[in-house]
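Report on the structure given below.
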Number of protein chains: 2
Amino acid sequence: MSMQVDGLGHPLRGDVFDSNCPSRTILDHVTSKWAVLVLAALRTGPRRFSALRRTIGGVSEKMLAQTLRTLEADGFLDREVAPTTPPQVTYSLSPLGAELTEHLTGLVEWIAVRIPDIEAARS
Amino acid sequence: MSMQVDGLGHPLRGDVFDSNCPSRTILDHVTSKWAVLVLAALRTGPRRFSALRRTIGGVSEKMLAQTLRTLEADGFLDREVAPTTPPQVTYSLSPLGAELTEHLTGLVEWIAVRIPDIEAARS
DNA sequence: TCCGGCACTTACCTCTGGGTACGTACTTAC
DNA sequence: GTAAGTACGTACCCAGAGGTAAGTGCCGGA
């Protein structure tokens, strides 16, 4: 088992460098192509599927639906269906997802702010 | 153009939600499967290729070499070749890469610490 | 009537990230 | 001789991420 345990055998933390540790799976999900953007978009508040689609340039409905399903299964998103016709589905960060997104936001912001320097360094 | 500019037309920041913005490319590189782990491993100090390979469970030499190349091209890594036989190559974070990795570290640490709760939420 | 909105799903396809295996040339150790 | 270390590169393969297009049924608007 890859997790470190305390004296009583309780898991304390994972090790993302160990390919067998569940934390690796979570890291892979969270850093997948569209997940970062979904989480970042939801940081400002709950959004409907179509709003997310419009916000995230380049994502297809298929990939968006797939990504939302994975993030919901991981426990990072909450999904609320309004009994309207057509039904309106609103996604929001779960408490766990909000914690996670705090860390992702720093990364996304840093890239946005430093992109001119990154581009200069690339050329 | 996806970047916001100031009054004089100078780029100020990117927008990762815009699929045409260069910051999206960088985000994709940085969050690719092995890049996160490479950057996290180098946070503690410079390392040789083989040391990185051993540290990061599951990565092949091919994917490691490929990832290192991309990160170096993006300006996040510095590469130093010692004139030994066989040559020993040491990778380290560039100043830009060190800034970037500060943000990635928070994410990785959070997952490592919270994986027991994430797992509980998944079942 | 058609069109758009809503939130997906399904079918079919492409292609790339990632995988395995082998190769390179030099050195040292057994 | 083989094996291991060094840091890659090359050849071949493929799973699945990702893409496009169409479909679903209800509603309201032109």
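Convention: sequence-line order gives letters A, B, ...; per-chain numbering from 1.
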Worksheet item: Under a 4.5 Å cut-off applied to non-hydrogen side-chain atoms, are A:L100 and A:L96 in contact?
Response: no
Discussion item. Mind checking if B:S50 touches a base, just sugar-phosphate, or nothing, with heavy atoms under 4.0 Å?
Written reply: sugar-phosphate
Discussion item. I'd like to check B:E61 versus B:F49 (side-chain heavy atoms, cut-off strictly below 4.5 Å). Are they in contact?
Written reply: yes
Fill in: Side-chain (B:T70) to main-chain (B:Q66) donor-acceptor, under 3.5 angstrom
yes
Worksheet item: B:Q88 has a side chain; which of C:dG5, D:dT6, C:dT20 sits nearest to it?
Response: D:dT6
Worksheet item: So, is A:R79 near the phosphate of C:dC8, with a side-chain N or O under 4.0 Å from OP1 or OP2?
Response: yes
Practice prompt. Mind calculating the distance between CZ (A:R48) and C1' (C:dG4) to the nearest angstrom?
Written response: 14 Å
Worksheet item: Taking DNA chain D as the partner, which of residues 62-78 of chain A come within under 4.0 angstrom of it by heavy atom?
Response: A:K62, A:M63, A:Q66
Worksheet entry | Min side-chain heavy-atom separation A:R48-A:V89 under 4.5 Å | no
Worksheet item: Just checking A:E61: base, sugar-phosphate only, or nothing, at a heavy-atom cut-off of under 4.0 Å?
Response: base
Worksheet item: Are any of B:R54's side-chain N or O atoms less than 4.0 Å away from OP1 or OP2 of D:dT6?
Response: yes
Worksheet item: Pick one: which of B:I111, B:D28, B:T31 meets side-chain contact (heavy atoms from CB on, under 4.5 Å) with A:T31?
Response: B:T31
Worksheet entry | Helical bend (five base pairs per end, nearest 10°) for the helix from C:dT1-D:dA30 to C:dC30-D:dG1 | 20°
Worksheet item: Between atom CD1 in A:I56 and atom P in C:dA7, what is the gap in whole Å?
Response: 14 Å
Item to complete: Taking the side chain as every heavy atom from C-beta outward, state whether A:T105 and A:L39 have any atom pair closer than 4.5 Å.
Response: no
Response to the item:
Result for 5'-nearest mapping on DNA chain D, choosing between A:G58 and A:P86, is A:G58
Worksheet item: B:R47 and B:T55: side-chain donor and acceptor closer than 3.5 Å?
Response: yes
Item to complete: Rounded to the nearest 0.5 Å, what's the gap from CD1 on B:I56 to CE on B:M63? Could you check?
Response: 11.5 Å
Worksheet entry | Between P of D:dG5 and CZ of B:F49, the distance in whole Å | 14 Å
Worksheet item: Which whole-number value in Å describes the distance from A:K33 NZ to C:dC15 P?
Response: 14 Å
Worksheet item: Is any side-chain N or O of B:R53 closer than 4.0 Å to OP1 or OP2 of D:dA7?
Response: no
Response to the item:
Atom CD of A:E80 and atom C1' of C:dA7 are separated, to the nearest Å, by 15 Å
Discussion item. Using only atom types and a distance under 3.5 Å, with no angle test, would you say the side chain of B:T101 pairs donor to acceptor with the backbone of B:A98?
Written reply: no
Worksheet item: If you check the B:T85 side chain, which of C:dG5, C:dG19, C:dC26 turns out closest?
Response: C:dC26
